Undergrad: 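One structure, as structure tokens, below. Some questions next.
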Amino acid sequence: MLFTHTHMNALASSESAAAPDTIPLSEPRLGGNEWKYVKECLDTGWVSSAGAFVDRFERELAGYVKTSFGVATVNGTSALHTSLLVAGVAPENEVLVSGLTFIAPANAIRYAGAWPVFIDAEPTYWQMDPERVVDFLEHQCKWRAGRLYNRVTERQIKAILPVHILGHPVDIDPIVEVARKYDLAVIEDATESLGAKYKGRMVGSLGDIAAFSFNGNKIITTGGGGMIVTSNEEWAVRARYLTTQAKDDPVEYVHNAIGYNYRLTNLQAAMGCAQLEQLAGFLDSKRRTASGYAATFKDQPGLSTMIEAPWAESSFWLYTILLDGTHGHMDSRALLGGLQAVGIQSRPLWRPLPLNGAFRNCECSPCPVAECLFRDALSLPSSVGLSDENREVVTSAILRILRDAR
Ligand SMILES: *Cc1c(COP(=O)(O)O)cnc(C)c1O
């Protein structure tokens, strides 16, 4: 059984009754001021969409990723949708997006009425391949009267949406460079990579606007929540306007655009402030888990691990390995089954987006690298605070399963 992205924590806990030793993939850690700050909301009555914690969470998160403005949203998907609208993405435009990612960014492109163009992953760090981005824009598009058009569909290309998957940054400089050349917006999906750095710069500050998520399985959580960050003041103002029902007069109910109710509550932001206080420790814990796994799996035949680029500082959101599956080696789904049998949760990467029926009407080119990664990858338990002892339970189970299969 595969666990869905959003529900894996719920499943991990509700099914733990059947398997008391379950080690979940990723569960939230709530050991700081969460209770105190949420209680403060309840005691003062500031429980809804305005309040000091919302302002503080926006200010602190934007400051942490070195951007000027933050706009809190109800989840990461709405942060992506709003970012696309603010960047001027309109119906029948096209947006280049990673082909190997959770589906939310591609759905958000469709919410804006635009079409995704899926870009394959590179095989080393598994992120959006900048060479393919440049190649597509230079050779499959044409520049006419200051706009870039897809030669095949004749649609205008408006933006690039790189997704920093699994905690590791995309090699984004060549992407930003080609975006500048053709006047395209760069929208970062930073939902899985809070705290990661690219050439010393914070993920979320590398393009024109970025989206974060605080779902229960992410690096920090507000239960559910998201944030738009940008250093473009006009865009920040527009994002706040669109996420709060596009009110043009605070009293008289004047609305000159279609807005959305995408606000985060003060209760959720209170959790966010408490989580943010612990982020440095969370990142240390993720890195410790990653190096523990990497040390054990070094030189295992048929198994390779995720690596960190020399220009990157990963936040190691979900530690992921590849199972070769050929020459008599075990494949990823067999290992998943073996781990499940002993109460250890693991999960493959996402089906490449062009293979999903949801995008059957898109002009899709294949993503062969993403298809190999989908076949071979398995993410392992990576919760903040995973003890060395539990990590060793996982690694010795894997080594034993692999040995038994030989
Ligand atoms: C989690 C996630 C999202 C969406 O976040 P929600 O808060 O669940 O809406 C978007 N993109 C990626 C890559 C994600 O992993």
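Start at 1 with the first residue, then count along the sequence. These figures come from a predicted structure and were not determined experimentally. One-based numbering, in listed order, for ligands and for the atoms of each.
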Undergrad: Does the cation-pi check pass for R333 over F374, that is, NZ or CZ under 6.0 Å from the six-membered ring centre and within 45° of its axis?
TA: yes
Undergrad: Using distance alone, determine whether N215 and ligand 1 share an N or O pair under 3.5 Å.
TA: no
Undergrad: Near N75, which atoms of ligand 1 are under 4.0 Å from a heavy atom of that residue?
TA: 7 (O), 9 (O)
Undergrad: Hey, looking at atom 7 (O) of ligand 1, which of S213, S98, S193 has the closest heavy atom?
TA: S213
Undergrad: Report, in ascending order of atom number, the atoms of ligand 1 lying under 4.0 Å from any heavy atom of V163.
TA: 13 (C)
Undergrad: Strictly by salt bridge (charged side-chain N to carboxylate O under 4.0 Å, His left out), give each pair with a member in residues 235-251 just once, sequence neighbours left out.
TA: E58-R240
Undergrad: Determine whether F214 and F57 satisfy the following criterion, ring pair (Phe, Tyr, Trp, His ring centres under 6.0 Å), listing intermediate values before the conclusion.
TA: CA-CA 12 Å; F214 314 116; F57 189 39; 5.0 Å; yes
Undergrad: Could you tell me if R144 sits above the aromatic ring of Y149, with its cationic atom closer than 6.0 Å to the ring centre and no more than 45 degrees from the axis?
TA: yes
Undergrad: Hey, which atoms in ligand 1 end up nearer than 4.0 Å to a heavy atom of A104?
TA: 3 (C), 4 (C), 10 (C)
Undergrad: Contact between P105 and ligand 1, counting heavy atoms under 4.0 Å?
TA: yes
Undergrad: Treating Y111 as the side-chain partner and L80 as the backbone partner, does any N or O pair qualify as donor plus acceptor under 3.5 Å?
TA: no
Undergrad: Report the part of T101 (side chain from C-beta onward, or backbone N, CA, C, O) that has a heavy atom under 4.0 Å from ligand 1; answer both or neither where that applies.
TA: side chain
Undergrad: Can you confirm, on distance only, whether ligand 1 has an N/O atom lying under 3.5 Å from any N/O atom belonging to T77?
TA: yes
Undergrad: Which residues pass the side chain to side chain donor-acceptor pair (under 3.5 Å) test with E389, not counting sequence neighbours?
TA: none
